[in-house]
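Chain letters run A, B, ... following the sequence lines, proteins first, then strands; residues in each count from 1. Worth knowing before you read on, the calculation uses all heavy atoms, side chains too, and leaves out hydrogens, waters and symmetry mates.
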2 protein chains.
Amino acid sequence: MLHQAAVHITSSRPVISTHRVPPEAVNGLAKQNPLVEAIHMMGATMSFPSEAEIFGEGEEADYAYQVVSGVVRTSKILSDGRRQVGGFYLPGDIFGLEFRDEHTFSAEAVTDTKVVVVKRSMLMAVAGRDTRLSRELMALTGRELRRVQNRVLLLVKSAEQRVAYFLLEMAERARGGNVIELPMVRQDIADYLGLTVETVSRTLSSLAHSAAIELSTSRRIVLRNRSALRILNA
Amino acid sequence: MLHQAAVHITSSRPVISTHRVPPEAVNGLAKQNPLVEAIHMMGATMSFPSEAEIFGEGEEADYAYQVVSGVVRTSKILSDGRRQVGGFYLPGDIFGLEFRDEHTFSAEAVTDTKVVVVKRSMLMAVAGRDTRLSRELMALTGRELRRVQNRVLLLVKSAEQRVAYFLLEMAERARGGNVIELPMVRQDIADYLGLTVETVSRTLSSLAHSAAIELSTSRRIVLRNRSALRILNA
DNA sequence: CGAAACATTGACAACTTTCAATTGCCGTGG
DNA sequence: CCACGGCAATTGAAAGTTGTCAATGTTTCG
């Protein structure tokens, strides 16, 4: 039952820069979203090197974050030593916003990463006055809840289904068409899907053999037959 | 991979009664909770016989519900025919409140059940004026999110750990001390934990052999050694 | 270039599901 | 009241899936 768990300890310090990032810089979805606007108006940008911790599990959840560039993962170490990855956040995604004073997960940079940080109290204060913002916060929460519920549904499926789902999800979110450049290592994927690295690796190989995907390099995957992947998921 | 799935089809009609239920009637937690007060002020009570559907997956989520008596489960049929149970709701618990217009899960009465129903729009209207209520709604959402996240952590554990967790959770929520009167059948438990009935049954038998629990009848379980169960969870 | 980290593959073990049979429980009707 | 039927629960045996351990191959980066 004990999978190996990859626990990275990095003490790299983040670089804090005070200049403002124009909202348009992020994924183009900035306009018309009051939440994104608010974050960029009031926030400061910070840079984290690969594998650096952005915040720790149990720390006070005083800030909300939005990815500007790079990729972030949230994770939690289970009592048996394994690690569960809560999710991956790509440019434009918001993370770290909690409904209680402690972070449930920790957050780490998967690659060199830039994020915008804003104090939660500030966000809440504005939300008290701006209905659109508070509505947007509700919507964000709803999406987050749905995302976690989908993970529950995912975790009762077979290894093949989980991996197929992961590939389709990444392909859609990263918008690289059929080519996926994975920013994370196999261990991250395994801990996200509740599998071992070996099972993830074997499943990918098997999907490659059945011509559903192509493994150019271990980090670059091409979807050759999306519907085959979707059927697995079905 | 295909477990058997228990799909119950019942066409029993609910009984709608218009009289108000005094808030104190519910679990004693009514006072000081503006959300519970609001529900009972504005809501109507409905009765559902065992296994009746309260709302269906995909239906419009116009109402929020609170259990008065009995037990409710939410569930979803997966494309492969299996069923995933989202959660069990005991007297006092609120369910069916969504952030979008469709229900993600369906809800059924596990036993004969009485619930209070309130229109979501009414709740939201009041929340717009009453800060305490809107704060309570946020808190409820936060708890729900945490609950689902815990289920994610649960589903990556062994069958024994899942069953132990389930027993401890039920014992705590039903407040029967060490005696648990299970309102649901084994299939419900299995679909909640992402296991098969056989595995649940075997695990319970094994826990009974190791003297951690006692199976008086299949519906009545006595916790004999809570710390043994907790260690499994650890 | 070479070491270290990452990824893949194989063989085997452990856990869970599947299929099948049996037992126990409970309500209904004779 | 008891017997019967039906459903729920348990148990057994076998198969399938995933995890574990170990070896080998590959990539990355100083």
Side-chain angles (χ1 to χ4, degrees), chain A residues 1-10 49-51 78 80-84 110-112 154-164 181-209 213-221 232, chain B residues 1-10 50-51 78 80-83 110-111 154-164 181-191 193-209 213-221 232:
Chain A
M1 184 72 218
L2 289 188
H3 321 185
Q4 64 257 54
V7 181
H8 305 279
I9 297 178
T10 318
S50 178
E51 294 304 318
L78 306 184
D80 61 8
R82 283 183 304 160
R83 184 187 66 167
Q84 178 64 34
V110 173
T111 62
D112 290 349
L154 183 67
L155 289 177
V156 301
K157 298 190 178 161
S158 71
E160 201 174 40
Q161 288 174 311
R162 298 188 217 183
V163 172
E181 296 285 352
L182 294 175
M184 71 292 283
V185 297
R186 292 285 186 276
Q187 186 68 57
D188 288 335
I189 301 175
D191 291 346
Y192 177 65
L193 298 177
L195 300 168
T196 58
V197 237
E198 291 94 334
T199 300
V200 171
S201 193
R202 266 187 261 273
T203 306
L204 287 173
S205 299
S206 141
L207 288 174
H209 276 132
I213 64 172
E214 189 184 315
L215 290 162
S216 320
T217 71
S218 71
R219 294 296 192 94
R220 182 195 198 82
I221 295 180
L232 288 177
Chain B
M1 186 71 217
L2 290 188
H3 320 184
Q4 63 257 54
V7 182
H8 305 278
I9 298 179
T10 318
S50 178
E51 294 303 319
L78 306 184
D80 60 8
R82 282 183 305 159
R83 184 186 67 167
V110 172
T111 62
L154 184 66
L155 290 177
V156 300
K157 298 190 178 163
S158 72
E160 200 174 39
Q161 289 175 310
R162 297 188 216 184
V163 172
E181 296 285 351
L182 293 175
M184 70 293 282
V185 298
R186 291 285 187 275
Q187 186 69 58
D188 288 335
I189 302 175
D191 291 346
L193 299 177
L195 299 169
T196 58
V197 238
E198 292 95 331
T199 300
V200 170
S201 192
R202 267 186 258 274
T203 306
L204 286 172
S205 298
S206 140
L207 288 174
H209 276 131
I213 65 172
E214 191 184 312
L215 290 162
S216 319
T217 73
S218 71
R219 293 296 191 93
R220 182 196 198 79
I221 295 180
L232 288 177

For this session: In whole angstrom, give the distance that lies between atom CD of Q161(B) and atom P of dT16(C).
Result: 9 Å
Seminar exercise, completed: Regarding the side chain of S218(B), the nearest nucleotide among dT20(D), dT18(D), dA9(D) is dA9(D)
Problem set entry | Nearest to side-chain heavy atoms of R186(A), which nucleotide of dC6(C), dT8(C), dT10(D) | dT8(C)
Seminar exercise, completed: To the nearest angstrom, the CZ-P distance between R219(A) and dT28(D) comes to 8 Å
Exercise. Stepwise, does the side-chain contact (heavy atoms from CB on, under 4.5 Å) test hold for T203(A) with L195(A)?
Worked result: CA-CA 11 Å; T203(A) 306; L195(A) 300 168; 5.6 Å; no
For this session: On DNA chain C, check which nucleotide each of E160(B) and L215(A) is closest to and give me the residue with the more 5' one.
Result: L215(A)
Exercise. To the nearest angstrom, how far is E198(A) atom CD from dC12(C) atom C1'?
Worked result: 13 Å
For this session: Rounded to the nearest angstrom, tell me the gap between atom CD1 in I189(A) and atom P in dT8(C).
Result: 9 Å
Seminar exercise, completed: Closest of dT18(D), dA8(D), dA7(C) to the T199(A) side chain is dT18(D)
Problem set entry | Spacing between E51(B) atom CD and dC7(D) atom P, to the nearest angstrom | 13 Å
Problem set entry | Heavy-atom check, side chain of Q161(A) versus side chain of L154(A), under 4.5 Å | no
Exercise. Are S205(B) and dT11(D) close enough that a side-chain N or O sits under 4.0 Å from OP1 or OP2?
Worked result: yes
For this session: Find the distance L204(A):CG to dG25(D):C1' and express it as a whole number of Å.
Result: 17 Å
Exercise. Could one point to a donor on the side chain of Q187(B) or the base of dC7(D) with an acceptor on the other under 3.5 Å away?
Worked result: no
For this session: Round to the nearest Å and state the distance from L193(A) atom CG to dT17(D) atom C1'.
Result: 16 Å
Exercise. Is there side-chain contact between L193(B) and T199(B), with heavy atoms separated by less than 4.5 Å?
Worked result: no
For this session: For R162(B) and for S201(A), locate the closest nucleotide of DNA chain C by heavy-atom distance; then report the residue assigned to the nucleotide nearer the 5' terminus.
Result: S201(A)
Problem set entry | Spacing between R202(A) atom CZ and dT17(D) atom P, to the nearest angstrom | 13 Å
Problem set entry | Residue whose nearest DNA chain D nucleotide is more 5′ - T217(A) or M184(B) | M184(B)
